Amino acid sequence: MQTFWKTRGCFVIFFECFPVRTNTYNVQSLTIPESWADHSNRIIQRSSTERSKSSQLRSDSDNCINDCANRIWNAWNYSNSALARRTNEILEAKNKLQMHLHKTQQEIFDVEKNIELLRKAIQDKSAPIKVAQSRLEARIHRKDVELCRDGPQLR
């Protein structure tokens, strides 16, 4: 029975220690202060180069952000000035159109006033024309000397 427990114990030790044995690194040299110092210096150098690269990357990203901000600001200023110019152009065009409209309305008013004056003049002259026409008509129907065809009648 003792052999059973011994072999069983060997199997347990083997299977429990197997992962530890396969996951250990293959250490080829012993650690001595010189190799430790060299390894530390390499880590410090790599750290300083990584810090300088990181600093350069931050600097580049800040420059890029500033450049983008300047471009956006310039574009905003350009669009604002273009909008202000266009607004002024539109206001000038509106004022010109309003002045032209006012002149046109004034001309229309003057023409309508002139038409009314002409109508009144025609109406004022219609009564004397009727009298003249009736007299000319009466002349045609008279006998003897007054029966003539002269210029006023032939018109």
Side-chain angles (χ1 to χ4, degrees), residues 16-155:
E16 286 180 6
C17 293
F18 182 74
V20 172
R21 190 182 63 163
T22 57
N23 287 336
T24 58
Y25 293 105
N26 194 3
V27 179
Q28 295 180 356
S29 63
L30 295 175
T31 304
I32 56 174
E34 291 82 18
S35 66
W36 182 260
D38 289 342
H39 183 66
S40 296
N41 285 337
R42 275 185 270 136
I43 290 174
I44 290 170
Q45 285 177 345
R46 190 171 35 157
S47 171
S48 67
T49 57
E50 293 297 324
R51 282 189 204 144
S52 67
K53 287 180 183 178
S54 174
S55 175
Q56 181 64 35
L57 194 60
R58 267 188 265 118
S59 169
D60 291 345
S61 66
D62 286 344
N63 290 338
C64 183
I65 289 171
N66 288 335
D67 185 43
C68 289
N70 287 336
R71 286 183 183 188
I72 289 170
W73 182 254
N74 290 338
W76 183 81
N77 284 334
Y78 178 76
S79 65
N80 266 0
S81 63
L83 180 64
R85 278 192 313 269
R86 185 66 179 143
T87 303
N88 288 336
E89 290 173 5
I90 289 173
L91 287 176
E92 287 176 12
K94 178 187 169 209
N95 291 337
K96 285 181 182 178
L97 286 173
Q98 283 180 340
M99 289 188 63
H100 185 66
L101 175 66
H102 180 68
K103 287 180 182 178
T104 305
Q105 286 175 339
Q106 185 64 37
E107 289 176 5
I108 290 171
F109 177 75
D110 291 343
V111 169
E112 286 177 349
K113 185 178 174 183
N114 209 4
I115 290 172
E116 285 298 317
L117 289 174
L118 289 172
R119 283 186 183 154
K120 184 164 178 11
I122 291 171
Q123 189 178 17
D124 290 345
K125 293 179 183 176
S126 74
I129 288 176
K130 286 182 184 178
V131 170
Q133 286 175 345
S134 63
R135 286 184 182 169
L136 282 174
E137 186 66 29
R139 253 176 106 182
I140 293 173
H141 300 291
R142 290 187 193 157
K143 300 216 177 229
D144 296 326
V145 177
E146 293 205 20
L147 183 59
C148 64
R149 296 201 183 272
D150 56 354
Q153 186 179 1
L154 293 175
R155 271 205 235 172

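A quick note: this is a predicted structure, and the numbers were derived from the prediction, not measured.
- The backbone N or O of Glu50 lies less than 3.5 Å from no partner atom in the side chain of Ser54, so there is not a single donor-acceptor pair.
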Exercise for the section: Would you sort out whether Asn63 and Ser59 count as a side-chain contact (heavy atoms from CB on, under 4.5 Å), showing the intermediate values? Expected result: CA-CA 6 Å; Asn63 290 338; Ser59 169; 3.9 Å; yes

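- Separation of atoms OG (Ser79) and CZ (Arg86) is listed at 15.0 Å; rounding is to 0.5 Å.
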Problem - Full working for side-chain contact (heavy atoms from CB on, under 4.5 Å) between Met99 and Asn95 - result: CA-CA 6 Å; Met99 289 188 63; Asn95 291 337; 5.6 Å; no

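- With respect to the salt-bridge test (charged N to carboxylate O, under 4.0 angstrom), the residues Asp38 and Arg42 do not qualify.
- Annotation: Gln106, atom CD; neighbour count of heavy atoms from other residues, nucleotides and ligands within 6.0 Å is above 12.
- Between Lys113 and Glu116, none of the side-chain N atoms (NZ, or NE/NH1/NH2) sits under 4.0 Å from a carboxylate O, so this pair counts as no salt bridge.
- With hydrogens and angles disregarded, no donor-acceptor distance shorter than 3.5 Å links the side chain of Ser55 to the backbone of Arg51.
- Atoms CZ and CG, on Arg85 and Asn88 in that order, are 10.0 Å from each other to the nearest 0.5 Å.
- A distance of 12.0 Å separates NZ in Lys103 from CG in Leu101, rounded to the nearest 0.5 Å.
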Practice task
Could you walk me through whether Gln56 and Asp60 pass side-chain hydrogen bond (donor to acceptor under 3.5 Å, both in side chains), step by step?
Solution key: CA-CA 6 Å; Gln56 181 64 35; Asp60 291 345; 2.9 Å; yes

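- Once rounded to the nearest 0.5 Å, the distance linking CD of Gln105 with NE2 of His100 reads 10.5 Å.
- Taking NZ of Lys94 as the start and OG1 of Thr87 as the end, the distance is 12.5 Å to the nearest 0.5 Å.
- A side-chain contact (heavy atoms from CB on, under 4.5 Å) with Arg119 holds for exactly one of Leu117, Ile122, Ile115; it is Ile115.
- Look at Arg58 and Asp62 and you find no salt bridge, because none of the NZ, NE, NH1 or NH2 atoms lies under 4.0 Å from a carboxylate O.
- Between the side chain of Ser47 and the backbone N or O of Ile43, no donor-acceptor pair lies under 3.5 Å.
- Remark: His39 NE2 to Ile44 CD1 distance equals 10.5 Å, nearest 0.5 Å.
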